[in-house]
2 protein chains.
Amino acid sequence: MSRTTLKDIAEKVGVSVTAVSRALSGYPDISEETRNRIFRIAEELNYQPNIAARTLVTQKSGVLGLFVLGREKGEGFSHPFSGQVINGFLDGLVEQGYDMMVFKANRPPDSGSSSYIDLCRRRMVEGAFLMGLRTDDPWITDLKSSSIPIVTMDMPLAGEMTFSVGCDNVSAVHAAVRHLADLGHTRISIVNGYTQASVSLERFEGYRSALDDLGLPFDPSLVAEADFTVAGGKEAFLTMIDRTPDITAVFAASDLMALGVLEGARELGLRVPKDLSVVGFDNIDMASMSSPPLTTLDQPRYELGRTAAKILISACNGDTPPSRVLLKANLIVRGSTSERNKGKSAKGVVRQAR
Amino acid sequence: MSRTTLKDIAEKVGVSVTAVSRALSGYPDISEETRNRIFRIAEELNYQPNIAARTLVTQKSGVLGLFVLGREKGEGFSHPFSGQVINGFLDGLVEQGYDMMVFKANRPPDSGSSSYIDLCRRRMVEGAFLMGLRTDDPWITDLKSSSIPIVTMDMPLAGEMTFSVGCDNVSAVHAAVRHLADLGHTRISIVNGYTQASVSLERFEGYRSALDDLGLPFDPSLVAEADFTVAGGKEAFLTMIDRTPDITAVFAASDLMALGVLEGARELGLRVPKDLSVVGFDNIDMASMSSPPLTTLDQPRYELGRTAAKILISACNGDTPPSRVLLKANLIVRGSTSERNKGKSAKGVVRQAR
DNA sequence: CCAAATTACTTAAACGTTAAACCTAATAGA
DNA sequence: TCTATTAGGTTTAACGTTTAAGTAATTTGG
């Protein structure tokens, strides 16, 4: 026997298919008695609506799409940051009766690959949440002119139907740098992410403005750029400290890079936080477990995902949510930062270690 | 203007809807010339098939479901283990033209929540992959009698349409214990996961059989049980080492618990690996970054996910894949294990530290 | 040269649902 | 008492696709 349909119930109860449909959908024009009979039989036959059929006629699928872009090595799903965001997004959308479909980013836009929007259209996806979008993504223009609502993480797009969620990176980094300055550091370097991520620009802005506000001079040789990974952070740190050995503090634009800095420092014989203070960004689980545990900026990841779902759904309902929502990232002070050690500068140690 | 449909193309080309459908699907009974015209117009109108309509008539949605169960704190998506498995699963299914829908596990089976299978039926999901299923899950019997193929991770179900993927836990743990024994350890303890995970039983079996094979006596007081988390592992280790301070090696059934053991050891002043050797399980990213880096069993996570997709799809196609596929977990030796230190036993250190 | 087969289509039906329009009997309002 | 309304339905059509069953024109085989 195949699946039970409205027709099966209708026949068994002795009413029309429409009556069953309306009863189950809670319309008031079905008598209390028939309604009860219908529900009983539906239960008995373990009726599950065929959502494909419903979608076809209502033109609404009840599906929201998730794109986890940049899924090479250590990115995307396997990035320690993504999990909680996705959890929040999923919870937020399930609460409103939606389901989630996950799409793989088809890398080369040349061949037969479709744009994100086209992928959505086939499945009648009502809105999409994009994580890991970069400024050089080939489908950006496509997204801007989307007719379904799009929420991006960390990357405002300025389209009619595009929205974004993210942290207030500028003030977050400002706070981190201030924290380091408060501890007496004056040679504060930044290991930033690549410029194709728009957070990188914001975080740099936070760094610059903090320096200005604190009366510290800006030195371009204290700025390094990496790819948000451990290896990249380590590499960037090592070349930078070689150039400018008088650094006593590092702000890294991701915890992974901060962990890379820690690794690099260990190799050089620098003791964190005694010789070098390190601040990360994200507060991934690993951050609290490194030695020393990382001082970092906690992004409310779950809340970010949840907010994305909220915006998407309200836009789907024809409302006009704010085009950009910024949540606050909180500085969490742990063991990787401390008062600047005036006696023994990092410089000396580095010279020794080499 | 709304979406382009087959009808739009048909009118513009001057053929029937069927002709367009068949041309686009590659049937041979459309002339080369009309086919080309159809393709050109379809392209021009940026036609995207309405998959809901297709699903309705073919009774196949082209969707596979993913259930990431146990999504409390640190579990599910945010578990460092899940990401790569999901990446593999997604890649495997996209390659075959499928899409992935992710379902939230509705915890209490009492209220109005539906079984995993029912969730699938509504969306005509063709098969599902379940991660994090426990032996005490309320929907187990439902799953066993499923009419759509189900692949579980790490948990064989013995149903007509159920399959499972996982690692060969028994021989993996066997290798880990042998590694410790080879280093001279004789008091080897196990911090296992909770018994509701079937891997726990298998890992315990590996532990027992290794002990037997190596001629080491089994001592129940060297067995602890925790919840796979860092905190749980630490707690379990601390109470165990208090009871039996002569332990010189620990096998933990997850890297997170192993990291907890490391933390506990640090607090007691035990030096790893000098005073205590520790082996984990999973090879999560964190494992290589702890200090010391963890010796652990590497699960081929990506491959596990990919295999799940492969099995699911072949079962969807009416084939009969093996009901259980076990991949090999490889021992990766890092800094957390070393030769047993005969001079200074852990016992002495613990006594001192307390 | 005619029947049979092939080519290139078309028509009709179906998938399971919802929405709009319609209907009938009972009830309410004047 | 007659009409207007309401309650409780039913009938019909539509959503966009695929598939089975035609059909007319052309080609092939003997």
Side-chain angles (χ1 to χ4, degrees), chain A residues 1-39 41-42 45-63 97 99 118 120-126, chain B residues 1-39 41-42 45-63 97 99 118 120-126:
Chain A
M1 86 235 152
S2 89
R3 316 184 21 157
T4 50
T5 70
L6 288 184
K7 198 174 157 203
D8 300 328
I9 302 178
E11 279 167 3
K12 202 150 184 186
V13 176
V15 293
S16 72
V17 168
T18 302
V20 179
S21 169
R22 297 183 70 80
L24 293 177
S25 309
Y27 282 74
D29 60 353
I30 304 292
S31 72
E32 187 70 14
E33 198 210 320
T34 354
R35 174 190 309 282
N36 286 340
R37 287 211 330 271
I38 290 173
F39 269 91
I41 304 290
L45 301 181
N46 189 23
Y47 171 72
Q48 299 293 333
N50 182 327
I51 302 199
R54 176 184 295 168
T55 298
L56 193 55
V57 42
T58 61
Q59 304 281 38
K60 305 208 140 228
S61 63
V63 172
D99 280 327
D118 285 348
C120 289
R121 289 208 308 156
R122 303 159 146 268
R123 293 275 180 193
M124 303 253 232
V125 168
E126 297 182 38
Chain B
M1 87 231 151
S2 89
R3 315 184 20 155
T4 338
T5 70
L6 288 183
K7 198 174 157 202
D8 301 328
I9 301 177
E11 279 166 4
K12 203 151 186 187
V13 175
V15 293
S16 71
V17 168
T18 301
V20 179
S21 168
R22 297 183 71 80
L24 294 177
S25 310
Y27 282 75
D29 60 353
I30 304 292
S31 72
E32 189 69 14
E33 197 211 321
T34 6
R35 173 189 310 281
N36 287 339
R37 288 211 329 270
I38 290 173
F39 269 92
I41 304 289
L45 301 180
N46 189 21
Y47 170 73
Q48 298 294 332
N50 182 327
I51 302 199
R54 176 184 294 169
T55 298
L56 192 54
V57 40
T58 61
Q59 303 282 38
K60 305 209 138 226
S61 63
V63 172
D99 281 327
D118 285 347
C120 289
R121 288 208 308 156
R122 300 159 148 268
R123 292 275 181 195
M124 302 252 231
V125 168
E126 297 183 37

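In the text below, chain A, chain B and the rest are named by the order of the sequence lines, each starting its count at 1. Just so it is clear, the values below take in all heavy atoms, side chains as well, and ignore hydrogens, waters and symmetry mates.
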Practice item. Rounded to the nearest angstrom, tell me the gap between atom CG in B/L6 and atom P in D/dC15. Key: 13 Å
Point to revise | Whole-Å gap separating P (D/dT18) and CG (B/N50) | key: 10 Å
Exercise for review: Report yes or no: is there a donor-acceptor pair, N or O only, under 3.5 Å between the side chain of A/T18 and the base of D/dT11?
Suggested key: yes
Revision key, fill the gap. The residue, B/T58 or B/R35, whose nearest nucleotide of DNA chain C is more 5′ is B/R35
Point to revise | Distance below 4.0 Å between A/T5 side-chain N/O and C/dG16 OP1 or OP2 | key: no
Point to revise | Under 4.0 angstrom between A/Y27 side-chain N/O and C/dA19 OP1 or OP2 | key: yes
Check your understanding: Are the side chains of B/T34 and B/R37 in touch, meaning some heavy atoms are under 4.5 Å apart?
Key -> yes
Exercise for review: Answer yes or no: does a side-chain N or O of B/S31 lie under 4.0 Å from OP1 or OP2 of C/dC9?
Suggested key: yes
Check your understanding: Atom CZ of A/R22 and atom C1' of D/dT10: how far apart are they, to the nearest Å?
Key -> 11 Å
Point to revise | d(CZ, A/R54; C1', C/dA19) in whole Å | key: 14 Å
Check your understanding: Rounded to the nearest Å, what distance is computed from the CD1 atom of residue B/I9 to the P atom of nucleotide D/dT18?
Key -> 11 Å
Practice item. Check whether any side-chain N or O of B/Y47 sits under 4.0 Å from OP1 or OP2 of D/dT17, and answer yes or no. Key: yes
Revision key, fill the gap. Between A/P28 and A/V17, the residue closer to the 5' end of DNA chain D by nearest nucleotide is A/P28
Exercise for review: For the residue pair A/V63 and A/M124, establish whether any side-chain heavy-atom pair is separated by less than 4.5 Å.
Suggested key: no
**Study point:** Between D/dG16 (P) and B/L24 (CG): distance, integer Å
**Key:** 16 Å
Check your understanding: Between D/dA14 and A/Q59, is there an OP1 or OP2 to side-chain N/O distance shorter than 4.0 Å?
Key -> no
Check your understanding: OP1, OP2 of C/dC9 versus side-chain N and O of B/T34: anything below 4.0 Å?
Key -> yes
Practice item. Give the rounded distance in Å between these two atoms: CD of A/E32 and P of D/dG8. Key: 10 Å
Check your understanding: Does the side chain of A/V15 come within less than 4.5 Å of A/I38's, by heavy atoms?
Key -> yes
Check your understanding: Any N or O donor-acceptor pair linking the side chain of A/S25 to the base of C/dT18 at under 3.5 Å?
Key -> no
**Study point:** Side chains of A/N46 and A/T4 in contact at under 4.5 Å (non-hydrogen atoms)
**Key:** no
Point to revise | A/K60 NZ - C/dA19 P separation (whole Å) | key: 11 Å
Practice item. Please step through side-chain contact (heavy atoms from CB on, under 4.5 Å) for the pair A/R122 and B/D99, ending with a clear verdict. Key: CA-CA 11 Å; A/R122 303 159 146 268; B/D99 281 327; over 6 Å; no
Review point. Under 4.0 Å between a side-chain N/O of A/S21 and OP1 or OP2 of C/dT18, yes or no?
Key: yes
